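Working notes for the structure below.
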Protein chains: 2
Amino acid sequence: MKKKTTIYDIAKELNVTVSTVSRALSGFPAISDTTRKAVVDMARKLNYSPNKLASALKSGKTHIIGVIVPSVQAHFFASIIHCIEDGLKDSGYRVIIYQSNESVENEINGVKTLLEAQVDGIMASLSLETQDVSHFAEIVKQNKPLILFDRVNADLKVPTITLDDFRAGYIATQHLIDSGYRKIAFVTTVHQIKIFNDRLEGYKAALADNGLPLIEEHIIFGGLSIKDGRFGAGKLMRGRNKPDAIIAGDDFTAVGVIKKLKEIDETPPEIGVIGFANEAFSAYITPNLSTIDQHAPQIGKACAKMFLKMINQQNPYSGMEHIVLDPTVVERESTNKKAL
Amino acid sequence: MKKKTTIYDIAKELNVTVSTVSRALSGFPAISDTTRKAVVDMARKLNYSPNKLASALKSGKTHIIGVIVPSVQAHFFASIIHCIEDGLKDSGYRVIIYQSNESVENEINGVKTLLEAQVDGIMASLSLETQDVSHFAEIVKQNKPLILFDRVNADLKVPTITLDDFRAGYIATQHLIDSGYRKIAFVTTVHQIKIFNDRLEGYKAALADNGLPLIEEHIIFGGLSIKDGRFGAGKLMRGRNKPDAIIAGDDFTAVGVIKKLKEIDETPPEIGVIGFANEAFSAYITPNLSTIDQHAPQIGKACAKMFLKMINQQNPYSGMEHIVLDPTVVERESTNKKAL
DNA sequence: GTGAAAGCGCTAACAT
DNA sequence: ATGTTAGCGCTTTCAC
């Protein structure tokens, strides 16, 4: 293992001191151009690569920020991450990703690992399991920026970036009503996550506003997956109070719902189906899935912007904001009752 | 910014030295149980969190490994990363992800950033643009493990984990022939990436072995995306030598091909279509897309295993292996000519 | 079993 | 404009 070039090696070659080298390399103003050029040239010649660890240890800044998401496999989160990276790269911040896989245990580990790695800040979207959020407290205590997005928790007094999920539930329901459906069911998760509750409340409000009854059996609490979608749809369609439309907790669940409906020959839009998230595949399944777009790019951009604001303040948590974005209906075949 | 607890704080409280604390915390054997317990308790009490940076700076090991992929949005790569994490977590290695977004420039930056972050090793799958791979040489020079997977390059003398892409092209073609198609076209990328060339060679070989002519206009060199798929299919179907089946460079491209075929009323399996990758959506589009499964989980697991082997050797590059996995045909509706 | 002390590579006062 | 020097928090020989 040949040992790496350090600023000492450069200093020795040039008969200057390490501080000169350090300053020359980091663009310190009071350095003569000749010295700077000599240093830079020698650095290249010796194939020097800075040890960020040492620099970070000294300065206390790693310029790395950690992002904790349930999973990168959901297009929604992948897209947010992409936009965070994009919004941050000009400021020299790098993103490292930690997946919780919807488990609190992993999430706790994530916070720990990222903090040990001395990240300059953390952005997170909670796992489905997460109820207690005390593992995030340490980040705030260290006075490092913490931003919660999409799946948030009000117990943490930190900035948040969310979609108006009440409205998401409301417009999904209203869209179905406008399309001519009347007996609308909802397949969602049992987990007590704010966004899912909000959507449910939006659903209830839309029903009420349209003078439609709220039928308890029409709300199925289970998981969110293709399998859960099949299960939920099966249960609903076997019930004595069959719905004529189903809102699925996310697009994956919607795929399961559609599968089941096709099997029992009630292919959408005969029974209307709408999901949440606007996953990449949603436009390509048959029938095309209507869904609620959650504007991942805006969320990502807002996260980046808010982080930069926080990191540049003495106290990151002063002037804390809660940004709420508006969801949009994406109309496709699965709710197009008129086409029948 | 309240300052963090260090081992010095623990040492002071307990009237021992930092070395004792360090040893107690890192499970050094020659420490009395009472001391160890006292240290551990005090660490908890003071809410101590180790500074991995300092430890890494001293020991030269960060226990972080960098993974460079074109994009995490492709299910194939997301799945590989997941399995790498899984295979590595018991050994205490963490994974950080860097996306090249198919650009060499980003890829070069990725290597630089990861090296500066002092990762213990790098795994990478090349961007479509990458021809010259000299930016990876520095990793090898530092004697750190470098593993290439899927999109590899023979210029780098490093271990690789790939699919038998010649065979992938061959079995895709053979499957179409077996299904009754005879005039088989191929929509692929212009980029000179080994795996795509290999698939093309496999395609040619399968045609030859079955006594079918190779028609130059049947090979479309473009990009890989839904848009490129539409374009490629359009070009093929307008040609004077219309194919009766199309092999698409990946599943996204296949989606585009299918879209175009539907528009001109030649919906598969009338014209057969097969993709590569077995993306999550492939089973849900209509018609369901036949595809070549590339066994991402095995690739990920193999990467993890190989890394552990390399890191535990004096010279990581001794006994270098090239692991080649076998692809599998996933038969679905889009090639089911018999169903017509 | 525990202590003392020398760094890992870099930055940033404080000099000159 | 450049040099000197003291750490950042931890690990690790070498003593005792």
Side-chain angles (χ1 to χ4, degrees), chain A residues 1-40 42-43 46-64 92 115-120 142 144, chain B residues 1-40 42-43 46-64 92 115-120 142 144:
Chain A
M1 183 90 90
K2 61 185 291 185
K3 70 167 183 292
K4 291 190 54 189
T5 313
T6 74
I7 50 172
Y8 279 88
D9 302 320
I10 301 176
K12 202 185 300 165
E13 288 293 324
L14 258 36
N15 277 318
V16 293
T17 58
V18 287
S19 25
T20 305
V21 175
S22 173
R23 290 194 272 248
L25 255 21
S26 59
F28 190 78
I31 284 282
S32 74
D33 280 354
T34 40
T35 312
R36 168 165 295 124
K37 189 173 179 324
V39 169
V40 170
M42 184 54 73
L46 296 181
N47 196 18
Y48 168 76
S49 159
N51 184 335
K52 293 266 172 163
L53 247 46
S55 149
L57 175 61
K58 178 68 194 177
S59 67
K61 304 255 143 276
T62 53
H63 292 278
I64 291 176
L115 245 23
E116 288 179 4
Q118 312 299 118
V119 294
D120 289 350
Q142 291 189 17
K144 289 182 173 175
Chain B
M1 184 89 88
K2 60 185 297 183
K3 71 167 183 291
K4 291 190 56 188
T5 312
T6 74
I7 51 172
Y8 278 88
D9 302 318
I10 300 175
K12 204 186 299 162
E13 288 294 322
L14 259 33
N15 279 316
V16 293
T17 56
V18 286
S19 17
T20 305
V21 176
S22 173
R23 290 194 270 247
L25 256 21
S26 59
F28 191 76
I31 286 280
S32 74
D33 281 353
T34 42
T35 312
R36 168 164 293 126
K37 190 174 179 323
V39 168
V40 171
M42 183 56 70
L46 297 181
N47 195 19
Y48 169 76
S49 160
N51 184 333
K52 294 265 171 160
L53 247 47
S55 144
L57 175 59
K58 180 65 196 182
S59 68
K61 303 254 144 277
T62 54
H63 292 279
I64 290 175
L115 244 24
E116 287 179 4
Q118 312 297 123
V119 294
D120 289 350
Q142 291 189 17
K144 288 183 174 174

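Fair warning: this is a prediction, and the values are worked out from it, not measured in the lab. Each chain gets a letter, A, B and so on, in the order the sequences are listed, and its residues count up from 1.
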Next on the checklist: Whole angstroms only, please: what is the CG-P distance between A:Asn15 and D:dT4?
Outcome noted: 11 Å
Next on the checklist: I'd like to know if the side chain of B:Thr62 reaches the main chain of B:Ala56, judged simply by a donor and an acceptor atom lying under 3.5 Å from each other, with no hydrogens or angles considered.
Outcome noted: no
Checklist outcome for this item: Of C:dG9, D:dA1, D:dC10, the nucleotide closest to the side chain of A:Thr6 is C:dG9
Checklist entry - Would you say the base of C:dA4 and the side-chain of B:Ser19 have a donor-acceptor pair closer than 3.5 Å? => result yes
Item to check | D:dT4 base / A:Arg23 side chain donor-acceptor hit below 3.5 Å | outcome: no
Checklist entry - Within the modelled atom types, does a donor on one side and an acceptor on the other bring the side chain of B:Arg36 and the base of C:dG1 under 3.5 Å apart? => result no
Item to check | Protein-nucleotide distance (A:Leu53, atom CG; D:dT11, atom P), rounded to Å | outcome: 13 Å
Checklist entry - Hey, does B:Thr35 reach any base, or is it just sugar-phosphate, or nothing, if we go heavy atoms under 4.0 Å? => result sugar-phosphate
Checklist entry - Is there a donor-acceptor contact under 3.5 Å from the side chain of B:Ser22 to the main chain of B:Val18? => result no
Checklist entry - Judged by atom type as modelled, is there a donor-acceptor pair below 3.5 Å linking the side chain of B:Arg23 to the main-chain atoms of B:Pro29? => result no
Checklist outcome for this item: Rounded to whole Å, OH of B:Tyr8 lies from P of C:dA4 at a distance of 11 Å
Next on the checklist: Does a side-chain N or O of B:Ser55 approach OP1 or OP2 of D:dC10 to a distance below 4.0 Å, or not?
Outcome noted: no
Item to check | Whole-Å distance separating the CD1 atom of A:Ile7 from the P atom of D:dG3 | outcome: 13 Å
Checklist entry - Roughly, in whole Å, what's the span from NE2 in A:His63 to P in C:dC10? => result 15 Å
Item to check | Terminal axis angle for the helix from C:dG1-D:dC16 to C:dT16-D:dA1, five pairs an end, nearest 10 degrees | outcome: 30°
Checklist entry - Nearest to the side chain of A:Ser22 - C:dG9, C:dT11, D:dT2? => result C:dT11
Item to check | A:Leu46 side chain near A:Ile10 side chain, heavy-atom distance below 4.5 Å | outcome: yes
Next on the checklist: Closest-nucleotide mapping onto DNA chain D: is A:Phe28 or B:Tyr48 further toward the 5' terminus? I mean the 5' end.
Outcome noted: A:Phe28
Item to check | Any donor-acceptor N/O pair under 3.5 Å between C:dG7 base and B:Lys58 side chain | outcome: yes
Checklist entry - Can you tell me how far C1' of D:dA1 sits from CG of A:Asp33, to the nearest Å? => result 12 Å
Item to check | Options C:dT2, C:dG3, D:dT2, nucleotide nearest the side-chain atoms of B:Val16 | outcome: C:dG3
Checklist entry - Rounded to whole angstroms, how far apart are CD1 on A:Ile10 and P on C:dT11? => result 11 Å
Item to check | NE2-CD distance between B:His63 and B:Gln118, expressed to the nearest 0.5 angstrom | outcome: 13.5 Å
Checklist outcome for this item: The answer to which of A:Leu57 and B:Val18 contacts DNA chain C further toward the 5' end, by nearest nucleotide, is B:Val18
Item to check | D:dT4 phosphate, OP1 or OP2, under 4.0 Å from A:Thr17 side-chain N/O | outcome: no
Item to check | Phosphate contact (D:dA1 OP1 or OP2) by A:Ser32 side-chain N/O below 4.0 Å | outcome: no
Checklist entry - Side chain of B:Ala30: nearest nucleotide among C:dT2, D:dA1, C:dA4? => result C:dT2
Checklist entry - What is the distance, rounded to the nearest whole Å, between atom CG of A:Leu25 and atom P of C:dT11? => result 8 Å
Checklist entry - Counting only N and O atoms by type, is there a donor-acceptor contact under 3.5 Å from the side chain of A:Thr20 to the main-chain atoms of A:Val16? => result no
Next on the checklist: Any side-chain to backbone donor/acceptor pair from B:Lys144 onto B:Val119? Under 3.5 Å, distance only.
Outcome noted: yes
Checklist entry - Side chains of A:Ser32 and A:Thr35: do they bring a donor and an acceptor to under 3.5 Å? => result yes
